[in-house]
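The sequence lines fix the lettering, A, B, ..., with proteins before strands; numbering per chain opens at 1. Note that this is a predicted model, so its numbers are computed, not measured.
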Amino acid sequence: MTNTMTTRRKSNLTRGQLPKYTPWVVVAAAVVLAAAIMTLVGFSAFGWGVLAAILFTVGLTGISAAVEGARQAKDKLATCLVFGSFLIALLPLISVIWTVLVNGIPGLTFDFLFYSMNGVTGQFDDAAAAGEAPVVGGVYHAIVGTLLMTLWATLISVPVGLLAAVYLVEYSEGGRLAKAITFFVDVMTGIPSIVAGLFAVAFFAVVFGPGTKTGIVAAVALSVLMIPVVVRSTEEMLRIVPNELREASYALGVRKWRTITKVVIPTAISGIASGVTLAIARVVGETAPILVTAGFATSINFNVFSGWMASLPTFIYTQIITPTSPSNPDPSAQRAWAAALLLIILVMLLNLAARLIARFFAPKTGR
Amino acid sequence: MSKQTSRAGDRIFSTTALMAGVLILVVLFSVAVFLLIQALPAFFADPSEITGGEGFWSYIWPIIVGTVIAAAIALILATPVALGVALFISHYAPRRLSQGLGYVIDLLAAIPSVIYGVWGITFLAVQLEPMYEWLAEYAGWIPIFAGPASATGKTMLTAGIVLAVMILPIITSISREIFLQTPKLHEEAALALGATRWEMIRMTVIPFGRPGVISAVMLGLGRALGETMAVALVLSTGPLILSLIQTGNSTIAAEIALNYPEAYGLRLAELIAAGLLLFIITLAVNMVARWVITRNKDFSGANA
């Protein structure tokens, strides 16, 4: 008895277990072995990483199977696969952001932000590609279009979404209509964005005649995508407002609609604003609905009710698909990447803003 | 007097709220109606006038099959990784880090689809092209890898990989929520019986989360079916072929996006009809997925 206490390492309980440092040893061995194999077949950093990961998984599982038995080996294998899948998921994220940064930074200049593509023809791009002139043209018109169309989409969807959420939480009392609305709002979040665009086109074609391509059509298409997001987030926020607040307000003789507008919504406003910001972040990058509804413009248009409008995503798309100068696509590609960088920055800022709003404007509990 | 106005205010406000709720149902319904109105000419046109000259259905059929193939590739690639990531965040990552890591994966969902498309066409397609040549040479006897491989890498498989990246965060975020709701007592009971972590996950987390995971995968499928820009940019479209590494195939959304700017008259009606079909297909997929979620909500034990 005392013998087993003093020599704990060899006790029955811990026998057949690998020491804690085993994974690190296997990592080192796998990295070295992978490097050796890669130098034989031709070195590449990516292949090295992949090979090292595979060798590590096989090695650790094998050693574990030999020492600890099949059950522990399976557990080790599962752990390796789970960690591996997380690393695999990170690869495209890093790759996308890196590619956009590397390709986008050279084109992102002051002139790029404050000039439109009006009057920029293939000749300018040919000259730029030949090194005789700088790359001209910019995204000012696309920024204006994106901001205006998103603004109008927000103006349409926030009142509708907010009121629908108020109905669901405050008035419906869980009736059949409320269940149907909740269900179809969820279903609506899955509508393909291009279908939303086609709906807006078909709607305006029936009402105002075919061929209507203006900013407001795009705004309607974007609101179809935005409303369900606003409803869902607002609904969640209204539901967490404590019932005591409502009851206290009723007890003071305040009408229900005054209670909702003066007590319930102000309490939840930070969460609602955060949800709206996330919804804006979602639609600001939409391409397909704008492509079919607002057409594509190269000049600045401040009027959403007439004429074609550009937007950042459609700017990127058209610069890549139909370069301004077909024989020299590089200046167009540079503009597309710079616009892509701008768009990513915009979306990330909106996401960040949503989190900050939720954190710093949260209601004071006062306790 | 003030009593009168506030009573009226109550009625006006509740009616407006009800109207907003009903408006959402009306919008969803009118999506179908307006698309149908604009698509009708394509269904009743003389078959020889439709693109391809053999009527609408034989025009749209290969494109529907292409859409399903692209979505299937995306699902096959994304589902295992997404579930791994969800398990990583819910059960493997250090507790302190797991929320932050969840945000990182959510960033994948925040990147606009057109940027994935541009990334796919300029970076991924170029990187994958040598692999396609290798596949065509050594695995060419499998029909889906039949050569000659596309020299640009702009193939169905590339499009499927880009789609897989785009649907990964959807599947991950829903599965993660479900996995986190596994009753703690079940997990602890399994561990107390001597189960390893993986055995605990297989015995408690996976059976508990299965319906949620199924609906998460279906929501991912809905997104993959309807995704437009990534496919429109990455795939160089063509007629339906079996090989995934040659130029060819198309999806409904890409077909619409690529042909819409020049379309008018009957061609426009064809594209809107294609959009209507896409709407019906994604609506069905989404409804089944949501139905599975709501049906299991009450019995999941999550509220207990």
Side-chain angles (χ1 to χ4, degrees), chain A residues 71-72 74-75 78-79 81-83 85-86 88-89 92-93 95-96 99-100 160 163-164 166-168 171 180-181 183-188 190-195 198-199 202-203 205-206 224 227 231 255-258 281 285 287-288 291-292 313 316-317 320 336 340 343-344 347-348 351, chain B residues 6 9-10 13-14 16-18 20-21 23-25 27-28 31 34-35 37-38 80-81 84-85 87-88 92 104-105 107-108 110-116 118-119 121 123 165 168 196-199 219 222-223 225-226 228-229 233 253 256-257 260 272 275 278-279 282-283 286-287 290 294:
Chain A
R71 285 179 58 220
Q72 294 296 333
K74 252 186 222 165
D75 184 49
T79 309
L81 291 180
V82 164
F83 273 77
S85 59
F86 182 71
I88 290 174
L93 182 67
S95 167
V96 168
T99 322
V100 172
V160 175
L163 283 167
V166 165
Y167 170 74
L168 288 176
Y171 286 105
I181 293 173
F183 181 76
F184 281 107
V185 162
D186 280 343
V187 169
M188 239 173 119
I191 288 188
S193 56
I194 194 153
V195 170
L198 287 179
F199 158 68
F203 177 76
V206 169
V224 172
I227 288 173
V231 174
R255 289 258 166 200
K256 189 166 186 176
W257 76 281
R258 298 290 284 173
T287 319
L291 204 65
V292 298
I316 299 169
Y317 176 73
I320 289 285
L343 187 59
I344 281 204
V347 172
M348 295 296 166
N351 273 288
Chain B
S6 59
D10 243 357
F13 192 72
S14 68
T16 329
L18 175 66
L23 180 67
I24 291 176
L25 293 184
V27 166
L28 199 64
V31 169
F34 281 105
L35 288 182
I37 294 174
Q38 293 289 303
V81 178
V85 174
L87 277 180
F88 177 79
Y92 281 83
V104 171
I105 296 298
L107 279 185
L108 272 176
I111 294 174
S113 58
V114 67
I115 292 180
Y116 278 117
V118 178
W119 171 74
I121 198 176
F123 177 80
V165 173
L168 182 99
T196 61
R197 181 153 57 174
W198 172 241
E199 285 166 344
L219 290 179
R223 174 91 194 267
L225 286 171
T228 314
M229 299 324 290
L233 276 163
I256 299 170
Y260 190 87
I272 291 184
L278 180 63
F279 174 66
T282 49
L283 197 69
N286 277 300
M287 281 173 75
R290 292 293 173 186
T294 41

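- To the nearest 0.5 Å, atom OG1 of residue B/Thr16 and atom OH of residue A/Tyr171 are 8.5 Å apart.
- For the set A/Val347, A/Leu291, A/Val166, the entry with the most heavy-atom pairs within less than 4.5 Å of chain B is A/Val347.
- Of the listed residues (A/Ala281, A/Ala205, A/Ala202), the greatest number of heavy-atom pairs within a distance under 4.5 Å of chain B belongs to A/Ala202.
- Put simply, of B/Phe123, B/Phe88, B/Trp198, the one with the most heavy-atom pairs under 4.5 Å next to chain A is B/Phe88.
- Taking A/Ile344, A/Val292, A/Ile316, A/Leu343 one by one and counting their heavy-atom pairs under 4.5 Å with chain B, the maximum is reached by A/Val292.
- At a 4.5 Å heavy-atom cutoff, the contact between A/Asn351 and chain B is made by side-chain atoms alone.
- At a 4.5 Å heavy-atom cutoff, the contact between B/Thr228 and chain A is made by side-chain atoms alone.
- Per-residue heavy-atom pair counts under 4.5 Å with chain A were compared for B/Leu23, B/Ile256, B/Val27, and the maximum is reached by B/Ile256.
- Nearest approach of B/Met287 to A/Phe183, heavy atoms of both residues: O-CZ, 3.7 Å.
- In this structure A/Ala89 satisfies the side-chain contact (heavy atoms from CB on, under 4.5 Å) test together with B/Val81, B/Val85, B/Ile105, B/Leu168, sequence neighbours excluded.
- For A/Val224, the part lying under 4.5 angstrom from a heavy atom of chain B is the side chain only.
- Across A/Pro313 and B/Val114, no two heavy atoms sit closer than the pair O-CG2, 3.8 Å.
- Contact of B/Ile37 with chain A is made through the side chain alone, with heavy-atom distances under 4.5 Å.
- For chain A, the nearby parts of B/Leu107 are the backbone and the side chain; heavy atoms of each come within less than 4.5 Å.
- In terms of non-hydrogen atom pairs under 4.5 Å with chain B, the most contact-rich of A/Phe199, A/Phe83, A/Phe203 is A/Phe199.
- Between chain B and the residues A/Ile181, A/Ile227, A/Val185, A/Val100, the most heavy-atom pairs under 4.5 angstrom are made by A/Ile181.
- Contact count against chain A (heavy-atom pairs under 4.5 Å) is highest for B/Ile115 among B/Thr282, B/Leu225, B/Ile115, B/Leu87.
- Applying the side-chain contact (heavy atoms from CB on, under 4.5 Å) test to A/Leu81 and every residue at least two apart in sequence or in another chain returns A/Leu77.
- Looking only at side-chain heavy atoms (C-beta outward), B/Ile24 and A/Met188 come within less than 4.5 Å of each other.
- With a 4.5 Å cut-off on side-chain heavy atoms, A/Val206 and B/Gln38 count as touching.
- Here the side chains of B/Arg197 and B/Tyr92 are in contact, with some heavy-atom distance below 4.5 Å.
- Other residues, nucleotides and ligands place more than 12 heavy atoms under 6.0 Å from the NZ atom of A/Lys256.
- Interface residue B/Val31: backbone and side-chain heavy atoms are both found under 4.5 Å from chain A.
- For the atom pair B/Trp119 CH2 and B/Leu233 CG, the distance stands at 13.0 Å (nearest 0.5 Å).
- Between chain B and the residues A/Val160, A/Thr79, A/Leu168, A/Val231, the largest count of heavy-atom pairs under 4.5 Å involves A/Thr79.
- Here B/Ser14 is the residue among B/Gly275, B/Gly226, B/Ala257, B/Ser14 with the most heavy-atom pairs under 4.5 Å with chain A.
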